[in-house]
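Single-structure report; data block below.
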Amino acid sequence: MLRVRFAPSPTGFLHVGSARTFIFNWLYARHKGGTMVLRLDDTDVERNTEASVNSIFEGLRWLDLGWDEEYKQSERLGLHQQIAEAIFQKGMAYRDFTPAHIGDSERSGATQTWLFNPGMRELSRKESDRRAAAGEPFALRFRVPRGTGESVRFTDAVYGEQVKAADDIEDFALLRSDGMPTYHLASCADDVDLRISHIIRGQDHLSNTYKHVLIFEAAGGQAPQFAHLPLLVAPDGSKLSKRKHGPVVSVTTYRDAGFLPASFINFLCLLGWSPKDDREKMTRQELIDAFSLEGINRANAVVNFKESAATPEETFDPKAVWLNAEHIRGLSIEELSAQLLPIVCAAGFQVSPEKMLAIIPLIRERIKLLRDVLTAADFFFVEQLPPYDPAELIPQKGDAAMAAKVLTRAREVLAHTEFKHDPLDQALRAAAQELGLKAGQMFQPIRVAVCGRKNAPPLFETLEVLGRETTMARIDQAIARLGAAKS
RNA sequence: GGCGCUAUCGUCUAGGGGUUAGGACGGAAGAUUCUCAAUCUUCAAACCCGGGUUCGAUUCCCGGUAGCGCUACCA
């Protein structure tokens with residue numbers, strides 16, 4: 001039975017790199033019909049925060065992929081200690097009474113490799129027991145084989161055969177002096193206990209894996225299969241951090257900016273993984289079907305965001321934005337409405353679901369992020385148009401007089417035209433001809449009068465949704481503005 | 001410093017001993033159109049460097065360089 005896990009440590013918000021790790025694990029589980037385990041690796045009491053736990057769940061919930069089992073490491077400390085004890089009893093670990101952190105100062109700036117604290121490895125069992133019984137605090141360290149020429153090896157599904165001389169591995173801690181397990185111990189102990197079959201995680205753990213293999217062997221278990229993922233990095237190649245790069249690295253930022261979970265997932269999948277058949281836009285099911293460890297790349301991938309960009313659209317990786325637009329276009333009117341309505345309401349506008357349904361075909365091709373609905377369809381939502389420059393009303397190669405003439409004529413025509421696409425089209429084109437104007441010269445003033453700007457959805461559809469009353473009122477206002485501007 | 005991983009257009013990537021090195025985003029130009037989009041067409045744009053192996057390397061090997069990771073009683 002295939003079992004994978006996503007094991008975040010709640011020391012910060014859920015960032016895009018973690019989200020991708022979660023997604024790859026999930027995809028692999030679903031592809032293989034396995035089990036997805038969510039495990040909070042919260043053994044670092046000092047740095048864990050409730051806010052972080054919430055942020056992680058918030059992000060994962062938005063992704064909407066779900067998981068099958070859920071655990072918390074802090075509730076499994078007994079198991080960790082039990083395994084540590086077993087390793088100690090086998091003589092594969094020893095007590096290190098060196099006070100915490102003093103080794104650090106000795107080592108700081110040191111150009112030498114630290115492997116273990118002097119004197120501790122060789123302490124006799126008797127002496128060790130005596131000092132422990134006396135209440136002297138100690139950390140439990142793994143006794144890495146030394147001078148035996150041994151090497152530790154494992155096969156990584158992405159990086160291939162990995163070998164490292166045991167002599168190059170330091171005696172890492174299993175238990176802290178306060179009795180809490182370290183990440184290495186807790187993680188491996190739980191992986192064994194939860195019968196995790198595949199560990200898919202960031203490449204920053206590739207070097208740690210040798211230690212983990214040692215623990216798995218010492219604990220009498222078989223090491224799972226490993227698959228390390230290339231890291232997601234910032235445009236300058238540095239690793240993503242909130243402090244350095246701001247909110248663009250947080251999953252909730254994508255949600256709040258109007259990304260669809262499906263496109264966000266799609267985007268992340270394309271970073272460090274490829275279906276190898278040139279597909280870009282993929283649905284959740286297509287991703288499940290296509291996903292494989294073989295498709296994972298080895299080089300770090302840049303998330304091409306722009307810090308301090310003017311608009312959200314410019315902030316995010318252009319490909320993420322494009323994919324989002326692509327997914328939006330793939331939604332039905334009803335599906336899109338369900339996404340858009342809450343955003344419009346939250347912005348303080350009142351729109352009936354029926355009207356929303358009518359508006360969506362006009363803006364679906366024009367929005368890239370869900371929130372764009374607020375700028376793309378604003379004039380549908382308000383009673384009163386915000387002020388605009390009357391000069392905008394003036395058509396190409398025209399003047400204020402022409403604008404006034406167009407609007408006045410439009411008013412007359414629209415007064416007795418049915419507000420449907422075809423009749424509007426015919427009536428307005430006929431009017432343009434009468435006035436000796438090009439269609440564009442006729443439509444532009446009307447568009448601005450009705451939308452408040454030049455760039456907007458197609459005119460006839462827009463008028464149809466707006467209705468005669470609103471249209472007439474706005475044309476009247478435009479005429480008034482023109483008059484005011486002239487004098 | 002030690003150990004390790006990586007290296008194809010600006011970015012994400014495909015490919016692989018002989019290719020016009022493919023696709024996508026973004027950029028540029030054009031078509032279409034009532035504006036803006038969408039769509040379509042076209043263009044510019046890459047194998048880190050040096051050795052070796054080979055008839056032939058971007059591809060395989062070695063070295064260099066650069067980037068990244070690990071080197072904590074963080075994860």
Side-chain angles (χ1 to χ4, degrees), chain A residues 7-12 41-44 46-48 96 98-101 103-104 107 109-115 137-141 156 159 162-165 167-170 172-184 186-187 202-211 228 230-231 233 235-239 267 270-281 297-304 317-323 325 329 362-368 376 395-396 425 428-429 432 438-444 446-448 451 453-460:
Chain A
S9 64
T11 54
D41 279 9
D42 56 350
T43 54
D44 186 357
E46 302 277 306
R47 304 198 309 157
N48 291 340
D96 182 351
T98 311
H101 301 305
D104 278 3
R107 269 180 266 152
T111 51
Q112 302 251 311
T113 310
W114 176 88
L115 291 172
F138 62 85
L140 191 71
R141 287 190 185 282
D156 189 275
Y159 290 91
Q162 302 293 315
V163 189
K164 185 169 186 170
D167 285 329
D168 287 331
I169 303 170
E170 70 280 3
F172 53 93
L174 259 22
L175 248 29
R176 297 185 249 252
S177 48
D178 63 0
M180 284 292 283
T182 62
Y183 159 75
H184 300 303
S187 176
Q203 189 243 42
D204 47 344
H205 283 297
L206 191 62
S207 320
N208 286 329
T209 306
Y210 298 103
K211 299 171 195 167
H228 287 88
L231 265 21
V233 297
D236 67 354
S238 67
K239 74 173 198 177
F267 169 66
L270 262 19
L271 257 24
W273 173 82
S274 160
K276 297 185 188 289
D277 59 5
D278 288 344
R279 274 186 294 173
E280 303 278 343
K281 186 204 165 191
N297 201 276
R298 279 178 293 274
N300 289 171
V302 172
V303 182
N304 202 11
D317 190 314
K319 194 152 197 169
V321 174
W322 168 76
L323 265 175
R329 280 177 228 128
L362 308 191
I363 60 164
R364 186 164 44 179
E365 318 270 86
R366 273 162 262 265
I367 62 176
K368 296 181 167 173
Q396 281 286 308
D425 188 336
L428 259 12
R429 277 183 201 280
K438 288 192 194 166
Q441 291 177 303
M442 179 79 195
F443 300 157
Q444 194 70 337
I446 304 172
R447 187 195 322 284
V448 174
C451 302
R453 61 177 129 81
K454 284 179 178 167
N455 298 348
L459 188 58
F460 313 126

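This one's a predicted model, so the numbers in the text were calculated from it and none came from an experiment.
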Subject >> Nearest-angstrom distance, C1' atom, B:U32 to B:A37 >> reply: 13 Å

Subject >> Salt-bridge criterion met for A:D317 and A:K319 (N-O under 4.0 Å) >> reply: no

Original post:
Do A:K454 and B:C36 have a side chain to base donor-acceptor pair shorter than 3.5 Å?
Top reply: no

Subject >> Euclidean distance, atom CG of residue A:L115 to atom P of B:G2 [Å, nearest integer] >> reply: 14 Å

**OP:** Describe the nucleic acid contact of A:A456 in one word from base, sugar-phosphate, nothing, applying a heavy-atom distance below 4.0 Å.
**Re:** base

Original post:
Counting only side-chain N and O atoms of A:T43, is one of them less than 4.0 Å from OP1 or OP2 of B:A75?
Top reply: yes

Subject >> Nucleotide forming a Watson-Crick or wobble pair with B:G69, both distances under 3.5 Å >> reply: B:C3

Original post:
Which nucleotide, in any strand shown, forms a Watson-Crick or G-U wobble pair with B:C60, with both distances under 3.5 Å?
Top reply: B:G52

Original post:
CG of A:L231 versus P of B:U11: gap in Å, rounded?
Top reply: 17 Å

Original post:
Does A:H184 or A:D204 map to a spot on RNA chain B nearer the 5' end, using the closest nucleotide for each?
Top reply: A:D204

Original post:
Does B:U41 have a Watson-Crick or wobble partner in any strand here, with both distances under 3.5 angstrom, and which is it?
Top reply: B:A29

Original post:
A:T182 versus A:L175: any side-chain heavy-atom pair under 4.5 Å?
Top reply: no

**OP:** Go through the N and O atoms of the side chain of A:N300 and the base of B:G69, and report whether any donor-acceptor pair is under 3.5 Å.
**Re:** no

Original post:
Separation of A:R298 atom CZ from B:G15 atom C1', in whole Å?
Top reply: 13 Å

**OP:** Report yes if the side chains of A:F460 and A:L428 come closer than 4.5 Å at any heavy-atom pair, otherwise no.
**Re:** yes

Subject >> Candidates B:G23, B:G26, B:A75 - which lies nearest the side chain of A:D278 >> reply: B:G23

**OP:** In whole angstrom, give the distance that lies between atom CG of A:D167 and atom P of B:C3.
**Re:** 12 Å

**OP:** Scan A:L270 against the nucleic acid and name what it touches under 4.0 Å (heavy atoms): base, sugar-phosphate only, or nothing.
**Re:** sugar-phosphate

Original post:
Choosing from B:C36, B:U71, B:A75, which nucleotide comes nearest the side chain of A:E170?
Top reply: B:U71

**OP:** Name the closest nucleotide to the A:S207 side chain, picking from B:U39, B:C70, B:C73.
**Re:** B:C70

**OP:** With P as the reference atom in both, quote the distance from B:G18 to B:A57 in angstrom, rounded to an integer.
**Re:** 11 Å

Subject >> First encountered from the 5' end of RNA chain B, between A:A7 and A:Y210 >> reply: A:Y210

Original post:
Whole-Å distance between B:G23 P and A:R279 CZ?
Top reply: 18 Å

Original post:
What is the distance, rounded to the nearest whole Å, between atom CG of A:N304 and atom C1' of B:U11?
Top reply: 5 Å

**OP:** Indicate, with a heavy-atom threshold strictly under 4.0 Å, whether A:G272 touches base, sugar-phosphate, or nothing.
**Re:** sugar-phosphate

Original post:
According to a strict under-4.0 Å criterion, is A:R429 in side-chain N/O contact with OP1 or OP2 of B:C34?
Top reply: yes

Subject >> Nearest to side-chain heavy atoms of A:L206, which nucleotide of B:C5, B:C34, B:G23 >> reply: B:C5

Original post:
If the P atom of B:U13 is compared with that of B:C34, how far apart are they to the nearest Å?
Top reply: 42 Å

Original post:
When you compare B:G15 with B:C49, how far apart are their C1' atoms, in angstrom units rounded to a whole number?
Top reply: 22 Å

Original post:
Are any of the side-chain nitrogens in A:E170 or A:R141 under 4.0 Å away from the carboxylate oxygens of its partner?
Top reply: no

Subject >> A:D156: which of A:R298, A:Q203, A:H228, A:Q162 passes side-chain hydrogen bond (donor to acceptor under 3.5 Å, both in side chains) >> reply: A:H228

Original post:
What integer number of Å spans the P atoms of B:A38 and B:U11?
Top reply: 24 Å

Subject >> From B:C12, B:U35, B:G4, nucleotide with atom closest to A:Q162 side chain >> reply: B:G4

Original post:
Would you say the side chain of A:N208 and the base of B:A75 hold a donor-acceptor pair, judged only by whether the two atoms sit under 3.5 Å apart?
Top reply: yes

**OP:** Specify the separation, in whole Å, of atom CD1 of A:I367 and atom C1' of B:C36.
**Re:** 14 Å

Original post:
Which listed nucleotide (B:A75, B:C12, B:C34) is nearest to the side chain of A:F443?
Top reply: B:C34

Original post:
Among B:G26, B:C73, B:A75, which nucleotide sits nearest the side chain of A:S177?
Top reply: B:C73

Original post:
Above 12 or not: heavy atoms from other molecules or residues under 6.0 Å from NZ of A:K239?
Top reply: no

**OP:** Pick the C1' atom in B:G22 and in B:C9, then give their distance to the nearest Å.
**Re:** 12 Å

Original post:
Where the side chain of A:Q444 is concerned, which of B:U35, B:C12, B:G26 is the nearest nucleotide?
Top reply: B:U35

Original post:
If we only count heavy atoms from C-beta on, is the A:F443 to A:K438 side-chain gap below 4.5 Å?
Top reply: no

Original post:
Mind checking the P distance from B:C62 to B:G26? Whole angstroms is fine.
Top reply: 40 Å

Subject >> Given B:G69, B:G2, B:A38, the nucleotide with the shortest approach to the side chain of A:T113 >> reply: B:G2

**OP:** Using a 4.0 Å heavy-atom cut-off across all strands, classify A:K438 as base, sugar-phosphate, or nothing.
**Re:** nothing

**OP:** Give the nucleotide from the list B:A38, B:C25, B:A14 with an atom nearest to the side chain of A:K276.
**Re:** B:A14

**OP:** Write down the distance separating the P atoms in B:U6 and B:U59, rounded off to the nearest Å.
**Re:** 15 Å

**OP:** Look at the side chain of A:Y183 and the backbone N and O of A:T43, then say whether any donor-acceptor pair between them is shorter than 3.5 Å.
**Re:** no

Original post:
Given B:A75, is OP1 or OP2 found less than 4.0 Å from the side-chain N or O atoms of A:R47?
Top reply: no

**OP:** Nearest whole angstrom, please: distance from the P of B:G69 to the NE2 of A:H228.
**Re:** 15 Å

